[in-house]
Asks: 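Quick one: structure below, then a few questions.
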Amino acid sequence: HNKGELDVNRNYSQPDYSFLSKSSLSVPSNYVAARANAVYAFDSLRSFGAEFEYISNLQKRNSDNHTIMTIGSRSLESSGQYIQPDQYRLYSATINYQQKLDKRGSLFKILADYVRKRSTSNSNYDIKQYWVNSDTVYRSHLISVYDVASADISFKKCIQANKTFVMGIKYTYTDMNDHSNYESLKQQQWSDLPEFAYRLHYTEHIAAGYLTYATHWNRCSADIGLRSEYTKTVNHALHESKSYVDFYPFITFNYAFDEIQRWMLSCQFARNIERPGFYALNPIRVQTSEYNYQIGNPLLKPTYINKVSATLIYDYRYTLTLGCNMHHNLIREFCKQDDGNPQVSYITYANHHRENHWFINLNVPLQLWTWLNLTNNITAVRQCIQTNPGDVYSNHHLLFIQSVADFRLSSSLSAEWEYNFHNKLYSGNSQVYSHQLLNFSLKKKWKEGKWTSTLGVDNIMNEHDKYGIPFGF
């Protein structure tokens with residue numbers, strides 16, 4: 001059960017504009033999950049497994065809001081009550097068959113799964129506009145049905161003790177079907193609001209083949225692979241169809257400077273794809289006031305990432321990594337103004353054209369004394385953002401620190417301090433302000449470690465999350 005308060009103070013370039021808003025939020029939630037699985041071994045070489053899962057979640061999202069917007073000498077005061085239940089049910093089934101082919105580890109495997117997620121939202125909005133002494137009442141109904149099915153067949157062949165070959169094919173089918181309608185109450189009758197209605201039926205077919213090869217010789221080892229994908233998408237609402245072919249290579253090369261591999265160098269390159277999640281695609285409109293709402297974007301494009309890194313490893317645990325993650329169409333949250341009413345702003349998801357993260361990471365675990373272990377993980381990033389094609393890159397420097405001090409007070413009692421820090425972060429056209437977190441915990445073990453109890457306090461300094469949107473978004 002979540003409760004919170006939201007205070008908004010919006011600044012405009014015009015000196016005669018002002019905006020103040022206060023909301024109280026309540027989000028009672030009911031979550032149920034059930035899962036059953038089993039594995040059957042036909043013999044020592046063949047086995048079959050299956051898993052079934054059901055999840056149900058209901059969130060009501062109740063909020064009361066009071067807003068005062070001043071335009072020149074006019075004061076537009078309003079209050080709103082928003083009841084926005086969001087319920088989904090998810091069904092999934094997975095089957096897995098595998099057969100060992102020899103004693104070296106060669107394997108034949110089949111994996112198939114199916115997921116259906118059905119979301120519904122029946123919301124009611126009641127707004128009182130004091131400057132005209134009128135009530136606005138409307139409601140919305142949204143249904144989203146997502147079906148995802150996939151099958152993966154692979155063959156692994158261990159040629160020698162130091163050479164392994166894997167090949168496989170995979171097919172994934174996705175079907176998204178969203179539709180919503182809005183109605184307003186006028187003269188005790190409900191009337192459709194077609195300008196807010198939404199309908200989308202989208203299908204995606206992905207057929208892929210992949211090939212990997214792993215080997216090692218002397219002080220070197222390498223993993224090389226290539227995945228090829230054919231994708232076809234159909235937007236049934238717009239009668240549009242697209243198809244394209246993509247390639248995703250990867251290579252990992254490791255070199256040991258000594259026989260016991262105390263000093264090592266690991267270099268990696270990979271091209272990946274990340275598709276948007278259901279939460280970012282779902283066009284459920286969540287209202288926080290008459291002038292603010294949040295909504296998903298079903299037209300999001302997938303994110304392509306080229307990853308390059310080199311890691312120097314000393315004594316198996318100290319690491320220094322240099323690298324870059326180069327994103328194309330990175331999915332970010334954006335704050336935008338409503339086309340129909342520029343006084344209304346909303347949060348949605350959109351794609352950054354380019355965003356590159358050049359980084360250096362240092363991981364140093366230290367045992368200063370027998371009773372104290374100190375682990376430090378420090379990452380510095382240069383973030384380069386190009387929101388739209390042709391834009392000048394916007395560059396930022398980011399710092400992330402995680403430090404854990406583990407004190408061994410006795411053979412069965414330990415204390416842990418954890419510190420996390422980051423400076424101001426940039427995402428879309430919004431910012432996450434610098435934040436530091438200090439946690440403490442005590443751990444007690446009994447019965448030779450079979451039983452453990454933990455007592456702790458998180459966020460000792462009572463830090464708050466702070467977000468902002470730059471002026472003139």
Side-chain angles (χ1 to χ4, degrees), residues 1-4 25-41 47-63 82-98 109-124 140-152 170-180 200 202-204 206 274-288 294-298 300 302-303 331 333 347 349 439 441 443 450-456 458-459 465:
H1 190 92
N2 247 343
K3 285 187 176 180
L25 314 171
S26 174
V27 190
S29 176
N30 295 295
Y31 178 88
V32 177
R35 182 183 301 112
N37 57 64
V39 176
Y40 176 75
S47 65
F48 175 83
E51 180 174 279
F52 303 92
E53 184 177 47
Y54 168 78
I55 295 175
S56 174
N57 187 45
L58 171 62
Q59 292 189 124
K60 290 188 177 179
R61 287 200 186 103
N62 302 319
S63 62
Y82 309 96
I83 302 173
Q84 303 172 89
D86 176 16
Q87 182 174 23
Y88 75 80
R89 289 186 173 90
L90 185 145
Y91 308 86
S92 68
T94 304
I95 59 172
N96 177 32
Y97 172 80
Q98 64 179 27
K109 186 164 65 173
I110 300 175
L111 177 67
D113 59 68
Y114 169 75
V115 177
R116 162 166 277 220
K117 182 179 181 182
R118 189 179 191 274
S119 303
T120 58
S121 177
N122 296 290
S123 303
N124 293 281
S140 66
H141 177 64
L142 182 141
I143 298 177
S144 298
V145 180
Y146 298 146
D147 291 288
V148 181
S150 67
D152 188 346
K170 183 176 182 179
Y171 171 76
T172 302
Y173 169 79
T174 303
D175 183 278
M176 296 193 319
N177 201 333
D178 299 318
H179 64 273
S180 65
L200 172 71
Y202 174 91
T203 56
E204 181 179 64
I206 303 173
E274 291 182 0
R275 293 181 171 84
F278 290 147
Y279 66 92
L281 295 168
N282 203 327
I284 292 180
R285 182 168 174 151
V286 179
Q287 204 86 26
T288 54
Q294 183 171 341
I295 191 168
N297 179 8
L300 285 173
T303 300
I331 297 171
E333 283 188 341
I347 300 291
Y349 296 89
N439 305 326
S441 64
K443 294 182 180 180
K450 295 180 180 179
W451 293 86
T452 304
S453 64
T454 303
L455 176 66
D458 287 347
N459 195 13
D465 294 323

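Being a predicted model, the structure only gives us computed values, none of them experimental.
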Asks: Return the set of residues passing ring pair (Phe, Tyr, Trp, His ring centres under 6.0 Å) with Y88 (not counting sequence neighbours), or none when no residue passes.
Replies: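 With sequence neighbours excluded, Y88 shows a ring pair (Phe, Tyr, Trp, His ring centres under 6.0 Å) to no residue whatsoever.
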
Asks: Considering non-hydrogen atoms only, spot the tightest contact between A149 and Y114 and give its length.
Replies: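 Closest approach of A149 to Y114: CB-CD1, 4.0 Å.
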
Asks: Any idea which heavy atoms bring L300 and Y349 closest together, and the distance?
Replies: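 Looking at all heavy atoms of both residues, the shortest contact is CD2-O, 3.5 Å.
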
Asks: When rounded to the nearest 0.5 angstrom, what is the spacing between CG in N122 and CG in D86?
Replies: 10.5 Å

Asks: When rounded to the nearest 0.5 angstrom, what distance separates OG in S119 from CG in D178?
Replies: 8.5 Å

Asks: If you round to the nearest 0.5 Å, how far is OG of S92 from CZ of F52?
Replies: 9.5 Å

Asks: Go through the steps to decide whether Y146 and L281 satisfy the test side chain to side chain contact (heavy atoms under 4.5 Å, CB included), and finish with yes or no.
Replies: CA-CA 11 Å; Y146 298 146; L281 295 168; 4.2 Å; yes

Asks: Using only atom types and a distance under 3.5 Å, with no angle test, would you say the side chain of N124 pairs donor to acceptor with the backbone of I83?
Replies: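 No: the side chain of N124 does not pair with the backbone of I83.
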
Asks: Under 3.5 Å, sequence neighbours excluded: what are the donor-acceptor pairs made by side chains of residues 53-63?
Replies:
unit_1	atom_1	unit_2	atom_2	d
E53	OE2	R35	NE	3.1
E53	OE2	R35	NH2	2.5
Y54	OH	R89	NE	3.4
N57	OD1	S29	OG	3.3

Asks: Rounded at 0.5 Å granularity, tell me how far CE in M176 sits from OG in S144.
Replies: 9.0 Å

Asks: Please identify which of these residues, R118, R116, K117, meets the side chain to side chain donor-acceptor pair (under 3.5 Å) condition with D147.
Replies: R116

Asks: Might you point out which heavy atoms bring Q287 and Q84 nearest each other, and give the distance in Å?
Replies: N-OE1, 2.6 Å

Asks: Does I347 offer a backbone N or O that forms a donor-acceptor pair with the side chain of E333 under 3.5 Å?
Replies: no

Asks: State which residues pass salt bridge (Lys or Arg N to Asp or Glu O under 4.0 Å) with D113; sequence neighbours excluded, sorted by chain then number.
Replies: none

Asks: Measuring from Q98:CD to L111:CG, what's the distance to the nearest 0.5 Å?
Replies: 10.0 Å

Asks: Supply the atom-to-atom distance I206 CD1 to T174 OG1, rounded to the nearest 0.5 angstrom.
Replies: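 Going from the CD1 atom of I206 to the OG1 atom of T174 covers 6.0 Å.
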
Asks: In chain order, what residues pass the side-chain contact (heavy atoms from CB on, under 4.5 Å) check against N439, with sequence neighbours excluded?
Replies: E418, L437, D458

Asks: Please check this pair: side chain of S121 against backbone of P85, looking for a donor-acceptor N/O pair closer than 3.5 Å.
Replies: yes

Asks: Tell me, please, which residues at least two apart from Q294 pass side chain to side chain donor-acceptor pair (under 3.5 Å).
Replies: none

Asks: Does S180 have any side-chain contact (heavy atoms from CB on, under 4.5 Å) partners at least two apart in sequence or in another chain, and if so, which?
Replies: L142, Y182, Y198

Asks: Quick one: do the D175 and T203 side chains pair a donor with an acceptor below 3.5 Å?
Replies: no

